[in-house]
Amino acid sequence: MAQKAIREYDAKSILAKHWDKYFPNFTYAYETVMVQNGSELREAAKEKAWLNEKALVAKPDMLFGKRGKNGLVLFRDQKPGDVKLEKAAAWIDEKANDKQEVYFAFDGDTPAGEPSVDYLTHFVVEPFTPHEQAEEYYISATCVGDEDMLYMSAEGGMEVEEGWEEKVTEVAFKITESEEEIAEKIRANVPADVAEKDKASFAEFAIGFFRAYRELNFAYLEINPFVMQGNKIELLDMVAKLDDTAGFMMVDAWGDVEYPTAFGMEEKSPEVLAVEEADAKTGASLKLTLLKPDARIWTMVAGGGASVVYADTIADLAGIDDLANYGEYSGGPTTGETKFYAETLLDLMTREKDAQGRDKILIIGGAIANFTDVAKTFTGIIQAFEAYAEKMKEVGVKIYVRRGGPNYEKGLKDIKEAADRLGLWIDVYGPETHVTDIVRMAVEA
């Protein structure tokens, strides 16, 4: 399962879109907007009357928690609920205009460790929900090993992590358990501290929540806290990750979801974003992380496990500074998908010569495939070679290939013949060669 974090705004939007299916007996107003500055908030208020009429809460939506402890939640002026549109717009502009220090760990209320420093670019704004502390609850779900875990607590808010074992009820579910068995187990494990009058409603909400987590392909889903007032639910704070391997079949269910770069991290390059977009549209797996684009060793590795092994071997034998990228193509990509992936790598690889005048190295590796047609994917790589052959020769590229699996003999023969025809330097090996031996050969050469 590949997990990708999404914004709180998108998580709430997905749940709201399917609310009636999973929570038919509860209401959720879904009054929320995401903006980048005060002007956008004022513009949104022209269409959304509640922004003008209600007290508001504003906070950054940039994949980090502990926003309250970092002083980055606006919900009060003189007292909770005093914040109106102009106050929220001015606060957003104030926080967006200067770099902010964000601590990810706290000892009580005292920051721990070093802060990340960056600009805040996205904010979520919602109505303030008046409520009592006793109306706040916690719920989350994720996968642990071969089981799905549901976590429930009668206490929500910033302090739920402190004293987790005493406050949180954990329930494990096997993938084979029926909906009836799941519902029965949830009802039997409602936290004891939930008010007696709310126990049945809490169980019903938890059953719908867990079903939504599974059927909407969340890898992690947390609401902390949600407020339950009769049949009215408010989702005050959410954290979510999607299983992006399901992205190609969840386009309609998820809608236009963004996978943002976390606060303090470098923005993703257009090439990485393009690969992510292609990956979301296929049942195969296309992954790319740029580590050091001016480095000389590039990898095009089939398989997630193999990609780790190759990266570790290159780091051991050549040094991490020589490794340009990390990623994989696997799961039976089409010829066209493989061509696109290979062209993306070759375009990045051939933009500049090595600063020390050395040949660049392209490692096309992998273990022995189970079901990927090696010849078919190599046809895509050959087509990419044909498009980039002159640039590859210009910067000086040596290609090392090691591959096995269905149709591998034809794939190896085709790629060797194509490289020779195009005047490219290539060394080709099959499964008789140790999986990472080509790294040693390339480094020694």
Side-chain angles (χ1 to χ4, degrees), residues 8 11-12 14-16 18-19 21-29 57 65-69 73 80 106 108-109 129-216 218-241:
E8 179 180 358
K12 289 179 175 176
I14 292 172
L15 218 54
H18 303 279
W19 188 265
K21 177 180 180 180
Y22 298 108
F23 310 101
N25 296 321
F26 296 96
T27 63
Y28 169 46
V57 176
K66 306 190 187 304
R67 289 170 290 189
K69 290 194 174 186
V73 177
F106 284 80
D109 291 326
T129 301
H131 64 279
E132 301 296 328
Q133 184 70 33
E135 296 170 332
E136 288 190 357
Y137 298 98
Y138 173 94
I139 193 166
S140 69
T142 191
C143 180
V144 179
D146 294 331
E147 297 178 322
D148 282 317
M149 298 295 299
L150 180 66
Y151 304 95
M152 303 177 289
S153 176
E155 180 179 333
M158 289 189 295
E159 309 304 330
V160 71
E161 294 176 1
E162 299 177 13
W164 177 271
E165 292 183 0
E166 293 77 26
K167 297 176 182 177
V168 178
T169 300
E170 303 181 2
V171 189
F173 301 92
K174 293 181 172 59
I175 193 68
T176 55
E177 291 185 68
S178 67
E179 287 190 16
E180 292 75 16
E181 290 171 325
I182 290 169
E184 183 179 344
K185 190 180 285 188
I186 290 174
R187 292 189 188 100
N189 286 279
V190 170
D193 291 343
V194 174
E196 197 61 38
K197 66 181 179 63
D198 292 330
K199 274 183 164 48
S201 293
F202 185 99
E204 183 180 352
F205 181 80
I207 291 165
F209 172 88
F210 187 74
R211 185 178 165 214
Y213 153 77
R214 275 193 167 175
E215 293 183 4
L216 295 174
F218 283 98
Y220 179 79
L221 185 61
E222 176 189 86
I223 311 176
N224 181 34
F226 70 93
V227 170
M228 187 165 61
Q229 298 170 323
N231 71 335
K232 178 186 174 185
I233 300 289
E234 290 297 339
L235 313 179
L236 299 195
D237 203 346
M238 285 186 71
V239 178
K241 296 179 181 179

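Each ring-ring contact (aromatic ring centres under 6.0 Å, His included) pair with one or both residues in residues 161-187, not counting sequence neighbours, appears once here: Tyr138-Trp164, Tyr151-Trp164, Phe173-Phe210. Among residue pairs with one or both ends in residues 130-146, none qualify as salt bridge (Lys or Arg N to Asp or Glu O under 4.0 Å); sequence neighbours excluded. Evaluation of the side chain to side chain donor-acceptor pair (under 3.5 Å) test over residues 188-202, restricted to residues two or more places apart or in two chains, returns Tyr137-Asp198.
Minimum interatomic distance between Leu235 and Lys12 (heavy atoms only, all atoms of both residues): O-NZ, 2.9 Å. When all heavy atoms of Ala206 and Ile186 are compared, the closest pair comes out as CB-CG2, 3.8 Å. Counting all heavy atoms, side chain and backbone alike, Met149 lies closest to Ala172 at SD-CB, 3.4 Å. Nearest heavy-atom pair across Gly157 and Pro225 is N-CB, 3.9 Å.
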TODO: Verify side chain to side chain contact (heavy atoms under 4.5 Å, CB included) between Phe202 and Phe226, making sure each step is shown before the conclusion.
DONE: CA-CA 11 Å; Phe202 185 99; Phe226 70 93; 3.9 Å; yes
TODO: In sequence, state the C-alpha distance, the side-chain angles, and the governing distance for Thr129 and Leu236, and then conclude on side chain to side chain contact (heavy atoms under 4.5 Å, CB included).
DONE: CA-CA 8 Å; Thr129 301; Leu236 299 195; 3.9 Å; yes
TODO: Please assess Met152 against Val194 for the test side chain to side chain contact (heavy atoms under 4.5 Å, CB included), listing each intermediate value before the final yes or no.
DONE: CA-CA 10 Å; Met152 303 177 289; Val194 174; over 6 Å; no
Open item on the list: Assess the residue pair Leu150 and Phe209 against the criterion (side chain to side chain contact (heavy atoms under 4.5 Å, CB included)); give the C-alpha distance rounded to whole Å, side-chain angles, the decisive distance to 0.1 Å, and a yes or no.
Closed with: CA-CA 9 Å; Leu150 180 66; Phe209 172 88; 3.9 Å; yes
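Residues Asp237 and Glu8 form a side-chain contact, since some pair of their non-hydrogen atoms from C-beta on lies under 4.5 Å apart. Counting heavy atoms from C-beta on, the side chains of Ile182 and Ile207 never come closer than 4.5 Å. The shortest side-chain heavy-atom distance between Val239 and Asn224 does not fall under the 4.5 Å cut-off. Residues Leu15 and Tyr22 are not in side-chain contact: their nearest non-hydrogen atoms beyond the backbone lie 4.5 Å or more apart.
One finds the CD atom of Glu179 at 5.0 Å from the CZ atom of Arg211 (value rounded to the nearest 0.5 Å). Taking OH from Tyr28 and CG from Asn231, the interatomic distance works out to 15.5 Å, rounded to the nearest 0.5 Å. Rounding to the nearest 0.5 Å places CE of Met238 at 11.0 Å from OG of Ser140.
With sequence neighbours excluded, the residues forming a salt bridge (charged side-chain N to carboxylate O under 4.0 Å, His left out) with Glu177 are Lys185, listed by chain and number. Every salt bridge (charged side-chain N to carboxylate O under 4.0 Å, His left out) that Arg214 has, sequence neighbours left out, goes to Asp148. In this structure Lys21 satisfies the side-chain hydrogen bond (donor to acceptor under 3.5 Å, both in side chains) test together with Glu215, sequence neighbours excluded. Listed by chain and number, the residues in a side-chain contact (heavy atoms from CB on, under 4.5 Å) with Ala200 amount to none (sequence neighbours excluded). For Lys69, there are no side-chain hydrogen bond (donor to acceptor under 3.5 Å, both in side chains) partners, not counting sequence neighbours. Every side-chain contact (heavy atoms from CB on, under 4.5 Å) that Ser178 has, sequence neighbours left out, goes to Glu180, Glu181. Scanning for side-chain contact (heavy atoms from CB on, under 4.5 Å) contacts around Ala240 gives Ile6, Ala11, Phe218, Leu221, with sequence neighbours left out. With sequence neighbours left out, Lys174 forms a salt bridge (charged side-chain N to carboxylate O under 4.0 Å, His left out) with Glu147. Residues satisfying the salt bridge (charged side-chain N to carboxylate O under 4.0 Å, His left out) test with Lys241, not counting sequence neighbours, are none.
Under the 30°/60° scheme for interplanar angles, the aromatic rings of Phe26 and Phe205 are found to stand perpendicular.
Other residues, nucleotides and ligands place no more than 12 heavy atoms under 6.0 Å from the CD atom of Glu184.
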